[in-house]
Amino acid sequence: MPEIKKQIPLLKNDGTLTEEGWARSPFWTYNRESIAASALKIKEWDYYSILSPTKDFGITITASDLGYAGLFAICFLDFKRGTFKQIDTLSVLPLGKTGFPRVNNSGVVQFEDKKLKIRFEVKSGKRILEFESKSFEAPDGGKGIQGKIELTEPKMDSMNIATSWKENRKAFYYNTKINCMPAAGQVQVGNTSYQFDSKKDFGALDWGRGVWTYKNRWYWSSVSSWIGGKPFGLNLGYGFTDRTPASENVIFYDGKIHKLDEVNFIIDTKNYMAPWKFTSNNNRLNLDFTPIVDRNSYMNFLVIKTVQHQVFGMFNGTVVLDDGKTLKLQNILGFAEDVLNHY
């Protein structure tokens with residue numbers, strides 16, 4: 001699996017990837033003007049998940065420009081009750097006008113309509129996430145959700161990958177996953193106020209740019225937590241693009257990435273709330289996952305169809321670092337998803 005270790009353009013002039021592989025920093029320079037596809041097909045997204053294992057709640061915020069549509073969502077998760085509430089909205093034909101930055105370490109993304117307002121700003125190692133929806137149906141019976149969360153990004157490795165599809169090498173996936181960002185801030189949900197504690201709570205980012213083929217099913221899991229007083233994370237995923245050149249499977253520990261090869265999600269797809277299992281081909285990952293809440297959604301707008309099961313729950317088991325050290329996971333909060341998309 002080639003590891004990219006220096007800055008290179010993402011795309012050649014013909015729209016194919018300059019070099020496929022993975023990296024510990026975002027070494028590919030995203031050059032939108034070299035994309036060999038209609039603006040209708042270019043997809044750009046930022047997705048944040050911020051979870052509080054000690055206070056049993058979490059927030060996910062999605063901003064995406066899919067070319068012919070934009071999708072924006074705010075979701076509140078209550079792990080005590082095992083429930084979620086979401087509000088989302090679609091914009092029509094944004095065609096790149098949403099203003100997603102070409103890099104993940106600076107810039108502003110913002111969107112507002114009658115249903116919700118989202119603003120992400122990245123500057124000097126901080127990510128400021130602001131969001132509001134007056135019509136959000138809160139779990140306590142109240143109305144509205146609003147919040148401001150600040151994520152601090154320490155100097156550390158991130159997971160970066162650039163791969164393409166066998167059936168179309170001009171379709172590509174460029175992705176950065178940043179785990180274990182200390183989270184501070186407050187969220188007001190209806191009549192209830194929730195506070196993130198930067199000594200205990202983490203946020204994670206899924207930052208992506210690309211052109212996809214029409215029908216895809218992917219599996220993804222993310223964890224950001226503490227083990228033995230050190231930041232610990234997992235990013236596991238497959239099913240999306242031709243992963244022969246590289247996988248996105250990594251363990252984060254104390255700011256460093258430990259690379260895994262292939263992983264397998266063992267799921268009862270008739271019952272996503274049944275226990276899951278995670279294994280790897282080289283026996284460096286053996287995890288049981290006990291679901292708490294299935295953030296499921298089904299959307300069918302003729303050309304856009306999506307069936308999502310993003311399941312939040314507890315991980316137990318072991319992972320092995322590059323140096324052979326074994327870490328034990330005991331009731332570590334995270335999520336895993338099985339998503340089928342036609343868009």
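Each residue takes its place number in the sequence, starting with 1.
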Could you grab the distance from atom CD1 of I178 to atom CG of N235, nearest 0.5 Å is fine?
11.0 Å
Q86/D88 under side chain to side chain donor-acceptor pair (under 3.5 Å): CA gap, chis, key distance, verdict:
CA-CA 7 Å; Q86 177 165 313; D88 46 48; 2.9 Å; yes
Measure the CG-CH2 distance between L287 and W276 for me, rounded to the nearest 0.5 Å.
13.0 Å
Pair N160-S158, side chain to side chain donor-acceptor pair (under 3.5 Å): steps then yes or no:
CA-CA 6 Å; N160 303 270; S158 57; 3.0 Å; yes
Please tabulate, one pair per line, all N/O donor-acceptor pairs under 3.5 Å involving side-chain atoms of residues 35-43, not counting sequence neighbours.
residue : atom : partner : partner atom : Å
S38     : OG   : L40     : N            : 2.9
K43     : NZ   : Y343    : O            : 3.1

Would a hydrophobic clustering, with Ile, Leu, Val, Met, Phe, Trp and Tyr connected at side-chain separations under 4.5 Å, put Y47 with V307?
no
What are the two closest non-hydrogen atoms of L51 and G334, and how far apart are they?
CD1-CA, 4.5 Å
Would you mind listing every ring-ring contact (aromatic ring centres under 6.0 Å, His included) that reaches into residues 10-42, with sequence neighbours excluded?
W28-Y174
Is L340 linked to I304 within one hydrophobic cluster, defined over Ile, Leu, Val, Met, Phe, Trp and Tyr using a side-chain heavy-atom separation of less than 4.5 Å?
no
Check for me, please, whether W218 and V223 land in the same ILVMFWY cluster - side-chain distances under 4.5 Å, paths through other members count.
no
Please enumerate all residues that pass side-chain hydrogen bond (donor to acceptor under 3.5 Å, both in side chains) together with Y238, with sequence neighbours excluded.
N264
Just verifying a value: how many Å separate T18 OG1 and L11 CG, rounded to the nearest 0.5 Å?
6.0 Å
Qualifying salt bridge (Lys or Arg N to Asp or Glu O under 4.0 Å) pairs, either residue in residues 218-247, two or more places apart:
R169-D242, R243-E248
Suppose the criterion is ring-ring contact (aromatic ring centres under 6.0 Å, His included): which pairs have a residue in residues 115-138, not counting sequence neighbours?
Y48-F120
Kindly state whether the ring of W165 and the ring of Y173 have centres lying under 6.0 angstrom apart.
no
Check step by step if salt bridge (Lys or Arg N to Asp or Glu O under 4.0 Å) holds for E121 and R127.
CA-CA 6 Å; E121 182 174 6; R127 296 175 182 273; over 6 Å; no
Quick check, are the ring centers of F335 and W220 under 6.0 angstrom apart?
yes
For E20 and S164, which I'm curious about, is there any donor-acceptor pair between the side chains at under 3.5 Å?
yes
Taking atom types as modelled and ignoring hydrogens, do the side chains of S193 and Q186 form a donor-acceptor contact shorter than 3.5 angstrom?
yes
Ring pair (Phe, Tyr, Trp, His ring centres under 6.0 Å) with F202: of F232, W226, F252, only one passes, and it is W226
Is it the case that more than 12 heavy atoms not belonging to K115 sit under 6.0 Å from its NZ atom?
yes
State plainly whether the residues E132 and K148 are in salt-bridge range, i.e. N to O under 4.0 Å.
no
From F111 CZ over to L71 CG, what is the distance, rounded to the nearest 0.5 angstrom?
9.5 Å
Other residues, nucleotides, ligands: >12 heavy atoms within 6.0 Å of K97 NZ:
yes
Determine whether more than 12 heavy atoms belonging to other residues, nucleotides or ligands lie under 6.0 Å from atom CG of D197.
yes
Between Y272 and D338, do the side chains contain a donor N or O and an acceptor N or O under 3.5 Å apart?
yes
Short side-chain donor-acceptor distance under 3.5 Å, T306 and N341
yes
Working note: K200 + T54, criterion side chain to side chain donor-acceptor pair (under 3.5 Å); need CA distance, chi angles, decisive distance, verdict.
CA-CA 8 Å; K200 296 175 182 171; T54 53; 5.1 Å; no
From the options N316, N286, I227, select the one residue that forms a side chain to side chain contact (heavy atoms under 4.5 Å, CB included) with L329.
I227
Cut-off 3.5 Å, side chains only: do K5 and S25 have a donor facing an acceptor?
no
Can D201 and S52 be said to form a side chain to side chain donor-acceptor pair (under 3.5 Å), step by step?
CA-CA 5 Å; D201 303 333; S52 177; 3.2 Å; yes
Check the hydrophobic clustering (I, L, V, M, F, W, Y; side-chain heavy atoms under 4.5 Å; chains of links allowed) and say if M314 and F57 are grouped together.
no
Taking atom NZ of K143 as the centre, does the number of heavy atoms from other residues, nucleotides or ligands within less than 6.0 Å exceed 12?
yes
Please find out if less than 6.0 Å separates the ring center of F278 from that of F265.
yes
Nearest non-hydrogen partners of S224 and G203, listed with the distance
OG-O, 4.4 Å
CD1 of I61 to CD1 of I145, rounded to nearest 0.5 Å, is 8.5 Å
Do you know the tightest heavy-atom contact between N191 and G142?
ND2-CA, 3.9 Å
Joint hydrophobic cluster, L90 plus W212, side-chain heavy atoms closer than 4.5 Å:
yes
Pairs satisfying salt bridge (Lys or Arg N to Asp or Glu O under 4.0 Å), at least one member in residues 284-305, at least two apart
K277-D288, R284-D322
Quick check: closest heavy atoms across T60 and S49, and the distance to 0.1 Å?
CG2-CB, 4.0 Å
So, S247 side chain and N249 main chain: donor-acceptor pair closer than 3.5 Å or not?
yes
T213 and N168 side chains, donor-acceptor separation under 3.5 Å
no
For the NZ atom of K177 and the CG atom of D206, what is their distance to the nearest 0.5 Å?
4.5 Å
Between R24 and E3, does at least one N-O distance fall below 4.0 Å, as a salt bridge requires?
yes
Can we say R119 and E112 salt-bridge, meaning some charged N sits less than 4.0 Å from an Asp/Glu carboxylate O?
no
List the atom of R32, the atom of L95, and the distance in Å for their closest heavy-atom pair.
NH2-O, 3.7 Å
How far apart are the closest heavy atoms of P94 and Y68, and which atoms are they?
CD-C, 3.8 Å
